[in-house]
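Down below is the structure, laid out as structure tokens.
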Amino acid sequence: MAGKMTLSDLNKTLSEMNVQSLEGVKIEGDIEIELDAGAGGVGPLFAYYFGQEAAKIAMQLINFAKAVGYPVDALMQPVAVAQAVAPAPAGMVAAAAAAEPAFKVAAQLASAKFSVGTDKTWKLPIQEVTVGATKADGGSRGVVRKLGGEKAMAFFPDAPMPNAPKITMDVFDMPIGMAKAVKMHYEDVMGSPAEWAKKAVNKFGADLVTIHLISTDPLLKDTPPQEAVKVVEDVLQAVDVPICIGGSGNPDKDPILLAKAAEAAQGERALIASANLNMDWEMIGKACKDNGHVCLAWTQLEINSQKELNRKLMKVVGLPRESIVMDPTTAALAYGLDFAYTNMERIRLGALKGDDELTFPMSSGTTNAWGVREAWMVRSPNKEDSDWGDRMLRGPIWEIMTGFTLAMAGVDIFMMMHPMAVSYVHEITQSLMGLIEAKTPDTTGWLKMGV
Amino acid sequence: MKETSPLNLYKQLPQTNCQKCGETTCMAFASGLIARSKKIEECPPLVEEKKYAKKLAALKSIIAPELKMVYIGVGDKQLKVGGEDVMYRHQMTFFNKPPFAYDVTDNMEEAKLVERVKKVSTWKKFYIGKWERVEMIAVRSVTDDPAKFAACVKKVMENTDYPLILCSFNPAVLKAGLEVAGKARPLIYAANKDNWKEVAQLANDYKVPVTLSVPFDLDGLKSMAVTFAEMGLTDLILDPGTAPNGKMLQQTLLNFINLRRAAVEEAQRDIAYPVIALPINAWMTTDDPVRAAYWESVLTAAFTIRGAAIMVKHSVEAHSMMPDMHLRFNIYTDPRTPVQVKPGLYKVGNPGAESPVFVTTNFALTYYTVESDIASNGIDAYILSINTDGIGVQASVAGGQLTPVKIKDSMDETGFDWAGQKSAGLVLPGMAAKFSGELEDLFAGKAKIMVGPEDSGRISDWMKSFWPPK
């Protein structure tokens, strides 16, 4: 054995000997015990038990000494040791309890005022964009729809929203496959885009309609652009709300198609959907500029691409600011909604804080919600899932939640399909703007309600 | 604020010892910030001079206060409520997803009560490699009868170990519930302007967290929070009122936003407590159960996104629970962590010489969905997870992160022995069908290239029709 043994050596030796009760007690170097004399000071009871802990350590040291052969017993009075680790005498406990400050209910409520500021970092407003043109402005629409114009995050207290979010309902130029819950509403008009558009506006309350010219897709009917755009004229005749015109998503054909469609709808200030960095955005942007339309700038969940495309449309094409709307991509509930939500929220915050390449209204392809299996599958493919219930009820709420969540991130116009989803997204967004009167029940009534 | 050393705050100060803040040195001011006796705004140069803008921003982020975290329940089901640091999720992340407490009442028939408790506490749904579940039960006293409430709480506890919210404004009822459940650290709902003295006493006696309910009066709510804190009761949940409709609904959201702002952006510690939302109130606006359930989900979404720390809910239908759970999951996913799995070859079940190889991406949502669709249907298979930078199939096919060459190279890297396969089939996702021709050339007959379904939920049916390859 070394001539000198430090306390940490002792600690180590003890742990090697499986002295369990010393675990958690670490002795290093000079022993220095600090008592935190914080709020209540050191009460007598604490001191008592601290003393007891010290005694326990002493006991361990004694045992250790015994183990290495030191004649401890002869020097110790066992009774005294036993006493040292006994519970505190009852009188002492009572005295300690009495010394503790007792809980005392306040005599009356304090009188405090709540106040909070607004966000001073928000400098730029969002561009207000008008879709649709009446006769006075060279079009033929009965109404126009104004998008954007916000000076704060959606539904925030900092500034009122000048325009309620708008909904454009999807119309396709050929029958397409859709979820059962959606299809039932359109079966009677599936063959006629004009009738379809009328139903969307007159029956389902669409603010605008989008005519998707998907039959032009080379993998579907490959309808020539010249022929496809006739449907645009039909729809313009059928309804007097502003319209959006969509392509098939084919990057080679869409620029040609959308340019033709822009000509066909000249002066109507339609929303042309859409220009993308992967296609001839210049052609589409130019067609919008030349024919007085609004260009939808679509990027895929990437804020810098969105800035780049907006910049190109402004600087290269020369599109005025009031003719750009952004579609930063809608990933639906459960299928990446977190990315879509945060991408849009960041775009909107960036715009408000002064990034003028992002100060445009936003659009959401909310119909994407119907691609999520939870929206349309009869039952869960996972056998251990709890029952998925009725898909006819699951689908519409999936579209509602996808749309409304993105409304909170700042979306100004939604492309939607299910009539019930349209009605709920209208109602909740307008409610949060204070536009809907209703008798509010006693908000504590739920405690005893009979449901 | 997690920072405890004044030195780290001092680094972000002007370090000029100008004394404009009233302290003799910047170090003393830094100590004041730690102790919260000083505010950043009391250092004029820092706030006013542009050259300190970076330091100001850094300092603000260091001392950003936390919303108080309150623990409800005990043991492994214990919940953390609140504890948030940011206004928007991309600023860092939201930490503690708001527990959903589904209601039961003390006037339910026993069989129905037990059935509902069991349904709620066994509910689960698989999502991105995890099981989503409910967290709490809210027991409402409809009868206002302490004995009936106590009996109900007892019955609930016999059937679940989920933490509880005991709901009544009657202190005698709450006390009866606490006699039964007090040791399990339930949340009590609630103290209000009439009963707060008795409820404060209960919160102290049973050492439980307590809700302060002062609807649509933030001055009153703050006053009560300050009063409770002065009594030493700081495990508080705030109920600023949840109006389910009309202009009051707008006011509700504004209150939530303002409370969160006060807590995380303005460091108002005396109001920085978790907030409770009551989407259940949708049920007081209509008799139509679908309308009520839909509206409850809409309210749930609003308050999940804008700062509720805990919620009381009613509809246990699939068309309510599924969207609400998914929305909460999406909003509370940590945006700093990429949701990816490691690329490579995975085994599901016990695949062998007659098992297919399914191709998918390394986007966690996609991978786990495919895996669960295969596993839960008892299929033995391999999954080749390809590094698409965490992008899903459809987007990566469009964006070029998933290509035939990449599939071939990824397969080769695994060293998979195609020669040993009796049924050598590589199954593409339906969304990548267009790669099949090129892949056939690349694999040159080593494996048959097959096109699977567009949604992996249909793999089971697909197997029946197309596997093994002819």
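For B:Met87, the part lying near chain A is the side chain, with the backbone staying farther off; criterion is any non-hydrogen pair under 4.5 Å. Within the 4.5 angstrom heavy-atom criterion, only side-chain atoms of A:Met377, from C-beta onward, approach chain B. With a 4.5 Å cut-off on non-hydrogen atoms, A:Pro396 touches chain B through its backbone and its side chain both. With a 4.5 angstrom heavy-atom cutoff, B:Ser456 touches chain A via backbone and side-chain atoms both. Contact of B:Phe216 with chain A is made through the side chain alone, with heavy-atom distances under 4.5 Å. In this structure, chain B has no heavy atom under 4.5 Å from any part of A:Leu301. Residue contact with chain B, scored on non-hydrogen atoms closer than 4.5 Å, is absent for A:Ala375. Interface remark: A:Asn382 contributes backbone and side-chain atoms alike to the contact with chain B (heavy atom separation under 4.5 Å). Neither the backbone nor the side chain of B:Thr366 comes within less than 4.5 Å of any heavy atom in chain A. Using a 4.5 Å cut-off between heavy atoms, A:Ile436 touches chain B through its backbone atoms (N, CA, C, O) alone. Using a 4.5 Å cut-off between heavy atoms, A:Thr329 does not touch chain B at all. Proximity to chain A involves both the backbone and the side chain of B:Leu218, based on heavy atoms less than 4.5 angstrom apart. Neither the backbone nor the side chain of B:Phe329 comes within contact range of chain A; no heavy atom of the residue lies under 4.5 Å from a heavy atom of that chain. Contacts between B:Leu233 and chain A at a heavy-atom distance below 4.5 Å involve the side chain alone, from C-beta outward. Both the backbone and the side chain of B:Leu327 come within less than 4.5 Å of a heavy atom of chain A. Contact annotation for A:Trp398: only side-chain heavy atoms (C-beta onward) come within less than 4.5 Å of a heavy atom of chain B.
Ranked by heavy-atom pairs shorter than 4.5 Å toward chain A, the options B:Ser376, B:Gly378, B:Ala318 are led by B:Ser376. Listed options A:Lys439, A:Met408, A:Gln108 were ranked by heavy-atom pairs under 4.5 angstrom with chain B; first place goes to A:Met408. Of the listed residues B:Met224, B:Lys119, B:His314, the one with more heavy-atom pairs under 4.5 angstrom with chain A than any other is B:His314. The residue among B:Ile374, B:Ile305, B:Val226 with the most heavy atom pairs within less than 4.5 Å of chain A is B:Ile305. Taking chain B as the reference chain and counting heavy-atom pairs below 4.5 Å, the highest number among A:Ala438, A:Gly450, A:Ser386, A:Ala409 is found for A:Ser386. Considering only heavy-atom pairs separated by less than 4.5 Å from chain A, the leading option among B:Met248, B:Arg306, B:Glu230, B:Gln201 is B:Arg306. The residue among A:Met420, A:Arg394, A:Gln430, A:Met401 with the most heavy atom pairs within less than 4.5 Å of chain B is A:Met401. The greatest number of non-hydrogen atom pairs below 4.5 Å with chain A, out of B:Tyr189, B:Trp123, B:Trp196, B:Trp131, is found for B:Trp196. With respect to chain A, the highest number of heavy-atom pairs below 4.5 Å among B:Gly246, B:Pro323, B:Gly457, B:Ala302 belongs to B:Pro323. The candidate from A:Asn278, A:Asp119, A:Asp442 with the greatest count of non-hydrogen atom pairs under 4.5 Å with chain B is A:Asp119. Heavy-atom pairs under 4.5 Å with chain B peak, among A:Phe404, A:Phe339, A:Phe103, at A:Phe103.
B:Met284 approaches A:Gly445 most closely through the heavy-atom pair SD-C, 3.6 Å. Here the closest non-hydrogen pair linking A:Gly336 and B:Leu365 is N-CD2, 4.2 Å. Residues B:Cys167 and A:Leu447 come closest through the heavy atom pair CB-CD2, 3.3 Å. Among all heavy-atom pairs drawn from A:Ala334 and B:Tyr127, the shortest one is O-OH, 2.8 Å.
Side-chain atoms of B:Tyr88 do not come within 3.5 Å of backbone N or O of A:Thr342 as any donor-acceptor pair. The backbone N or O of A:Pro441 sits nowhere less than 3.5 Å from a side-chain atom of B:Thr285 that would complete a donor-acceptor pair. Although no hydrogens or angles enter the test, the distance criterion places a donor-acceptor pair under 3.5 Å between the side chain of B:Arg140 and the main chain of A:Trp446. Of the possible donor and acceptor atoms, none in the side chain of B:Gln250 sits under 3.5 Å from a partner among the backbone N and O of A:Leu435. With hydrogens and angles ignored, the 3.5 Å screen pairs a side-chain donor or acceptor of B:Glu266 with a backbone N or O of A:Gly117. A distance-only check finds no donor-acceptor pair linking the side chain of B:Asp373 to the backbone of A:Pro381 [under 3.5 Å]. Side-chain atoms of A:Lys104 never come within 3.5 Å of backbone atoms of B:Met231 as a donor-acceptor pair (strictly under, hydrogens ignored). A donor-acceptor pair under 3.5 Å is formed between the side chain of B:Asp219 and the backbone N or O of A:Phe114.
Separation of atoms OG1 (A:Thr443) and CD1 (B:Ile280) is listed at 12.5 Å; rounding is to 0.5 Å. We find the CE-CD distance between B:Met322 and A:Glu374 to be 5.0 Å, quoted to the nearest 0.5 Å. The CZ atom of B:Arg261 lies 6.5 Å from the OG1 atom of A:Thr118; values are rounded to the nearest 0.5 Å. Atom CG in B:Leu253 sits 8.0 Å away from atom CZ in A:Phe156 (nearest 0.5 Å). Atoms CZ and CG, on B:Phe126 and A:Asp385 in that order, are 8.5 Å from each other to the nearest 0.5 Å. Distance check: B:Ile331 CD1 to A:Leu337 CG gives 6.0 Å after rounding to the nearest 0.5 Å.
Evaluation of the side-chain hydrogen bond (donor to acceptor under 3.5 Å, both in side chains) test over residues 296-305 of chain B, restricted to residues two or more places apart or in two chains, returns B:Trp283-B:Glu296, B:Ser297-B:Asp324, B:Thr300-B:Lys313. Listed by first and then second residue, the side-chain hydrogen bond (donor to acceptor under 3.5 Å, both in side chains) pairs that reach into residues 420-429 of chain A are A:Asp207-A:His426, A:Glu427-B:Arg291, sequence neighbours excluded.
Contact annotation: the side chain of A:Val116 approaches that of B:Gln268 to within less than 4.5 Å [non-hydrogen atoms, C-beta and beyond]. Side-chain contact between B:Thr369 and A:Arg373: present, with at least one pair of heavy atoms (C-beta onward) separated by less than 4.5 Å. For the pair A:Met153/B:Ile257, no side-chain contact is recorded, criterion being any heavy-atom separation below 4.5 Å from C-beta on. No side-chain heavy atom of A:Tyr341 sits under 4.5 Å from any side-chain heavy atom of B:Asn330.
Contact check on A:Glu345 versus B:Arg89 returns no salt bridge, with no Lys/Arg side-chain nitrogen under 4.0 Å from an Asp/Glu carboxylate oxygen. One finds no salt bridge joining B:Glu265 and A:Lys120 here, because no Lys/Arg side-chain nitrogen approaches an Asp/Glu carboxylate oxygen to under 4.0 Å.
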Intermediate values then yes/no, side-chain contact (heavy atoms from CB on, under 4.5 Å), A:Lys448 and B:Phe169: CA-CA 10 Å; A:Lys448 293 191 178 184; B:Phe169 288 130; over 6 Å; no
Apply the test side-chain contact (heavy atoms from CB on, under 4.5 Å) to residues A:Lys113 and B:Lys222: give CA-CA distance (whole Å), side-chain angles for both, the deciding distance (0.1 Å), then the verdict. CA-CA 7 Å; A:Lys113 290 274 175 228; B:Lys222 182 174 172 180; 5.8 Å; no
